[in-house]
Amino acid sequence: MTDCVFCSIAEGKIPAKKLYEDEDVIAFYDVAPQAPIHVLVTPKAHVVSLNQADSLSDHVLAKLLRVAAQLASELGLKERGYRVVSNCGVDACQSVPHLHIHLVGGRAMGAELA
Ligand code: DGP
């Protein structure tokens, strides 16, 4: 999609520190990290948010979580733990309208989710 920052990253038009890529999914470091490790996992297909989950196959939706878990392990987060979040819409402060999962770790977080 034109003018979508994550589509541009997936197409290689905007640089990003990529950690994983296959035909469906790409993962890269967040440009404004909120923790020592802050990675975004996103489908290559343009889907605005989880509100459009039906536009993606179960295979791709599952892969987003699988890749997040795999990267958490590779980045050494498995033992201490990590948080996986997907902001959806205005009340959740979603700022990039392309579905993505935040993988955040490397520090202790509060018990509250918001
Ligand atoms: P959200 O607020 O949930 O939509 O999160 C969007 C995240 O995307 C935010 O943490 C910052 C990150 N981000 C925005 N633009 C870029 C970019 O051009 N490159 C990278 N790597 N991350 C970006």
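Just so it is clear, the values below take in all heavy atoms, side chains as well, and ignore hydrogens, waters and symmetry mates. Just follow the structure's listing: the first ligand is 1, and inside any ligand the first atom is 1. Here the structure is a predicted model, which is why all the values come from computation and not from measurement.
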Worksheet entry | Phe6 side chain reached by Leu40 side chain, heavy atoms, under 4.5 Å | yes

Indicate every side-chain donor-acceptor pair of residues 74-93 with a distance under 3.5 Å to a residue at least two apart or in another chain.
| residue | atom | partner | partner atom | Å |
| --- | --- | --- | --- | --- |
| Glu74 | OE2 | Gln70 | NE2 | 3.2 |
| Arg83 | NH2 | Gly110 | O | 2.7 |
| Ser86 | OG | His100 | O | 2.9 |

Worksheet item: Can you find a heavy atom in the side chain of Glu23 that is under 4.5 Å from one in the side chain of Lys44?
Response: no

List the atom pairs, with distances to 0.1 Å, where a side-chain N or O of residues 10-18 and a protein N or O form a donor-acceptor pair under 3.5 Å, not counting sequence neighbours.
| residue | atom | partner | partner atom | Å |
| --- | --- | --- | --- | --- |
| Glu11 | OE1 | Lys13 | NZ | 2.8 |

Quick one: side chains of residues 48-56, donor-acceptor pairs under 3.5 Å with protein atoms, not counting sequence neighbours, listed by atom name and distance.
| residue | atom | partner | partner atom | Å |
| --- | --- | --- | --- | --- |
| Ser49 | OG | Asn51 | N | 3.1 |
| Gln52 | OE1 | Ser49 | N | 3.2 |
| Ser55 | OG | Gln52 | O | 3.3 |

Worksheet item: Are there more than 12 heavy atoms of other residues, nucleotides or ligands under 6.0 Å from atom CZ of Arg107?
Response: yes

Worksheet entry | Atom-level proximity to ligand 1, residues with heavy atom under 4.0 Å | Val5, Phe6, Ile9, Phe28, Tyr29, Asp30, Val31, Leu40, Asn87, Cys93, Gln94, Ser95, Val96, His100, His102

